[in-house]
Amino acid sequence: MEQSKAVLMERPPVYSELPIPSIPCLGGVKKLVCVVLVVVVLVLVLVGVLLMGLHMSQKHTETIFQMSLQEGTGSGIHGTGAATFHLDTGINSSASVVYDYSKLLIATRPRPGHACYVTPMDPEQVQSLETIAESVLSKITSNDSMKLVTDHSLLGTTIKVLCGSLPVYWT
């Protein structure tokens, strides 16, 4: 046993070098270009994933909304609740949209804005958020004459809260 220890002490084990794989981007400018390309690709992938997630989230919300509305109208009884959504409609502008199931009305309040806009809801074919936003914004920008809602008892509580003291127009 002591003999094997002595042999090991006399001759250390032989180690060999591992070959280093050549990396194509080790030159100064080439390295910078490779790093920039990798960063750009990662940013593009991240932005794509985020946009895809946002799109899926919006579609999921609209699907749930459609299902809840169909459940309420399928039995002949309208739902008693309301669904509220916030839309980003462009630079420095947004809108709040309320779907009132009990009154079958859709109210939109653009921000910044000085009025609310109410649209009747068709329980068989409920308008999507995108359709509502496009419709209301096109009517606002075209300055079409819209009828003022004079009887606020037609509006649900949620729409009254959304609009507050602003004038309410039929679209």
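Please read these numbers as outputs of a predicted model, since none were measured by experiment. Any value given below was found using the heavy atoms of this structure, including those in side chains, with hydrogens, waters and symmetry copies removed.
- In this structure, CG in Leu105 is found 8.0 Å from CG in Leu154, a value given to the nearest 0.5 Å.
- In this structure, Val98 is a member of the same hydrophobic cluster as Leu155, with clusters built from ILVMFWY side-chain heavy atoms closer than 4.5 Å.
- For the atom pair Thr84 OG1 and Asp100 CG, the distance stands at 9.0 Å (nearest 0.5 Å).
- Minimum heavy-atom separation, His152 to Lys160: O-CE, 2.9 Å.
- By the rule that hydrophobic residues join a cluster once side-chain heavy atoms approach within less than 4.5 Å of another member, Val41 and Val49 end up as members of one cluster.
- In this structure the side chain of Arg109 reaches within 4.5 angstrom of the side chain of Leu166, judged on heavy atoms.
- Side-chain contact between Leu148 and Pro167: present, with at least one pair of heavy atoms (C-beta onward) separated by less than 4.5 Å.
- Hydrophobic clustering (ILVMFWY, side-chain heavy atoms < 4.5 Å, transitive): Ile132 and Met121 are in one cluster.
- The environment of NE2 in His114 is sparse: at most 12 heavy-atom neighbours from other residues, nucleotides or ligands sit within 6.0 Å.
- Residues Tyr169 and Ala115 share a closest heavy-atom pair of CE1-CB, 3.7 Å.
- Follow the hydrophobic side-chain contacts under 4.5 Å out from Phe85 and you never reach Ile159; the two are in separate clusters.
- Summarising the geometry, atom SG belonging to Cys116 is positioned 4.5 Å from atom CG belonging to Leu162; distances are rounded to the nearest 0.5 Å.
- A 4.5 Å side-chain heavy-atom check between Leu51 and Val47 finds at least one atom pair inside the cut-off.
- Note that CG of Leu37 is 9.5 Å distant from CG of Leu32, once rounded to the nearest 0.5 Å.
- Within the 4.5 Å cutoff, side-chain heavy atoms of Val97 are placed close to those of Tyr99.
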